[in-house]
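To start, the structure itself, in structure tokens.
Order of listing sets the numbers, starting from 1, for every ligand and every atom in it. If you read the sequence from its start, that first residue is 1, and numbering goes on from there.
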Amino acid sequence: MTPSQATKRVNELSKLLEYHNYQYYVLANSEMTDQDFDKLMQELIDLEKRFPDLASEDSPTQKVGGQLQKEFPTVKHKYPMLSLGNTYSEEELLDFDKRVIKLAGRSTVEYYCELKLDGVAIGLTYRNGTLVQAVTRGDGNAGDDVTPNAKTIKKIPIHLKGNGYLDKFEIRGEVIMHRSGFDNLNAQRKKDGEPVFMNPRNTTSGTLKMLDTATVAKRPLDCFLYQVMGDKLPFKSHMEALKTAEKWGLQITEHAEICKNINSVLNYIQKWEKKRNKLGYDIDGIVIKVNDFAIQQELGFTAKSPRWAIAYKYAPQSISTKLLEVTYQVGRTGAVTPVANLEPVELGGTIVKRASLHNANIMEDLDIHLDDEVYVEKGGEIIPKITGVELKSRKRNTRPVKFISRCPECNEPLVTNEADAITYCVNEWKCPAQIKGRMEHFTSRNAMNIDSLGKETLEMLYDQGIVKNIGDIYELKKEEILPLNRMAEKSANRLLEGIENSKNIPFEKVLFALGIRMVGETVAKKLALHFGSIEKIAAASVEELTALHEIGESIAKNVTQYFAQLQNKKIIDKLGVHGVKLKVDKDSLTVKKSDKLAGLNIVISGVFKNFDRSGLKKTIEENGGNLTSSITGKTDYIVAGDNMGPAKLEKAKALKIKLLNEDEFLEMIK
Ligand code: IVH
């Protein structure tokens, strides 16, 4: 083979392998068998050995063995990712302008104003027009290399347009999620019985950090860029740099404007404060940058931020509307939360109808009356809050809202805990809201993980008197399930299978699933590991419990109170009779070794060389994985040994679930 033939073949192979990698890992679509893929890869490896000049850094042979990334490599930023000084007032902004003018020694300075996007910062490095790296901010000095995830974002080009681009440069910007995409995503999650996300920013951040690139590809992320970095950039101004980047096919921040002086900056700020709700994505302020690169250089940096830029932050959004009614929600622990029902009003791009009033004390302090004009504010939370009352517009003869004295669900008297100002319904065993809430918690993903038994089904089962507590779940019969609304043979089977599978859930999770107040996942694990069985925990005194590191008196009291109740003992007995794990499984529960498989649902199938089945199960659990026995749409991986059943194989293929052989599995937890 001549060098020129080799060059041609290396290019062909690289393109082909890249394409199939993308199909497989990003789109979860395999158009080629693994063997054929490996053959092509081997051919490329051999060619690169024979012709070392042809081996490039971004060759498919250099990418993590064509496998999913196990964790993100940390990459040091070539230029630290700094932050911006913040201001909240015009005065401070005028001071900034004065400082800039003085340091620059001019009479006025031109500014470039941009929207301050509320997303996640990212730095993209392009070499010879190709995206080679995408890194998050991290601690400012080093961040996570999330290149595979960034490549799934349509607005981040993998190859630049035209040819005038710099050989190597970095461009920084913000990854965001539009509000419409966020709402659709949450609507789908609600339908699937999955918990909804808080806000677009957190969802973006969580998504970028996912190891499962295929899921990232399905999330509606977008990216706007705002800063070109590089040594000796051939541009005179920030605007020129961005406009040039735009010509290369990069999406730069929208609605930016040159402002000739600080007064026009103030106008820009006011204009966007009014219009920000129409944008379709969240901004939390405006970034004001000195446009001229020469002046930027003169001004330089402080340790944390550039002297040539500043962020003007908008105040949290607030609006007034009419209070129609106060209703009360009862959670699984019996805590009663007051909720203000409002005349619908638009705030920050969404229609607000409800807002939290937190607790009786806060409600009293606000001295809220029905029909009052109230102020609603949106922070980072999903539920907006009431921050005040407009006393001037209060009508005569309105009544103050008094916190209810009886539970809205079961009509029993309520009790307020002075320490935390939380009001509780103490009718633990009869209040439907609490019982249903506890059952929902019991079946939830991090607890018993019975995803086939969602909120609606539980509600029907409870309302019809079929399931009265979590113990009854294990006595459900098919003929009781089938008549339920929207139940069919298949879904009923799936439901029963889910219940059956939950008997493999390790004891520490069962303990968490019981929903003992203040016993979260970490505390449950600690108790399970220390005491080893539910019997021992139930017999432990407050002193024995508090002897454990990080178990305080309140937790200990909640635990002893829980086990002192006869009803709880009966439920636990029932769980035990049906085979739910109530003690540490000597082979299955050992100390946690890693979180490498955290949140992944894994099925094992076939016969293995290095493991017996229980050993393999143990290893999966030790590394944080969720073992499930049947393949469903929620399965993330199947660890496949020899002789995997044909039906399972078929199903795995249909659902495009990734099969791992033993070696790949070992690699994954390495
Ligand atoms: S320029 C030296 N422009 O705000 C930092 N930042 O507090 C230069 N941000 O980390 C950043 N929109 O994540 C710049 N149009 C914009 C921005 C923006 C959002 C974020 C960015 C940065 C943070 C600074």
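The side chain to side chain donor-acceptor pair (under 3.5 Å) test with Asp222 is passed by exactly one of Lys154, Lys155, Gln251: Gln251.
The distance from ligand 1 to the heavy atoms of Lys289 drops below 4.0 Å at these ligand atoms: 1 (S), 3 (N), 14 (C). With ligand atoms numbered from 1 in the order given, ligand 1 contributes 2 (C) to contacts under 4.0 Å with heavy atoms of Pro306. Close approach of ligand 1 to Leu115 is summarised as follows: ligand atoms under 4.0 Å from at least one heavy atom of the residue are 12 (N), 15 (N), 16 (C). Each of the atoms 13 (O) of ligand 1 lies under 4.0 Å from some heavy atom of Ala121.
Among Arg172, Gln227, Arg137, the residue whose heavy atom sits closest to atom 8 (C) of ligand 1 is Gln227.
Scanning all protein heavy atoms for the shortest distance to atom 4 (O) of ligand 1 gives Lys116 NZ, 3.2 Å. Atom 5 (C) of ligand 1 has Leu82 O, 3.6 Å as its closest protein atom, hydrogens excluded (heavy atom only). Nearest to atom 20 (C) of ligand 1 among the protein's heavy atoms is Glu174 OE1, 3.5 Å.
Neither side chain, Gln227 nor Glu114, offers a donor N or O lying under 3.5 Å from an acceptor on the other.
Contact annotation for Asp118 and ligand 1: no heavy atom of the residue comes within less than 4.0 Å of the ligand.
Of the N or O atoms in Glu114, one or more lie within a sub-3.5 Å distance of an N or O in ligand 1. Some N or O of Leu84 is nearer than 3.5 Å to an N or O of ligand 1, by distance alone. By the 3.5 Å distance cut-off applied to N or O atoms, Val287 is not counted among the residues near ligand 1. Residue Tyr226 has at least one nitrogen or oxygen atom sitting less than 3.5 Å from a nitrogen or oxygen atom of ligand 1, judged on distance alone. On a distance-only criterion, Leu117 and ligand 1 share at least one N/O pair closer than 3.5 Å.
Counting all heavy atoms, side chain and backbone alike, Asn149 lies closest to Thr152 at O-OG1, 2.6 Å. Nearest heavy-atom pair, Ala309 versus Lys289, reported as atom, atom and distance to 0.1 Å: CB-CG, 4.0 Å.
Residues Asp451 and Lys634 are paired through a salt bridge, judged by an N-O separation under 4.0 Å between the basic side chain and the carboxylate. The pair Glu18-Lys15 fails the salt-bridge criterion, with no side-chain N (NZ, NE, NH1 or NH2) lying under 4.0 Å from an Asp/Glu carboxylate O. A salt bridge links Lys271 with Glu257; the closest basic N to acidic carboxylate O contact falls under 4.0 Å. A salt bridge between Glu170 and Arg172 is present, with a side-chain N of the basic residue lying under 4.0 Å from a carboxylate O of the acidic one.
Taking the six-membered ring wherever Trp is involved, the centroid distance between the rings of Trp248 and Phe169 falls below 6.0 Å.
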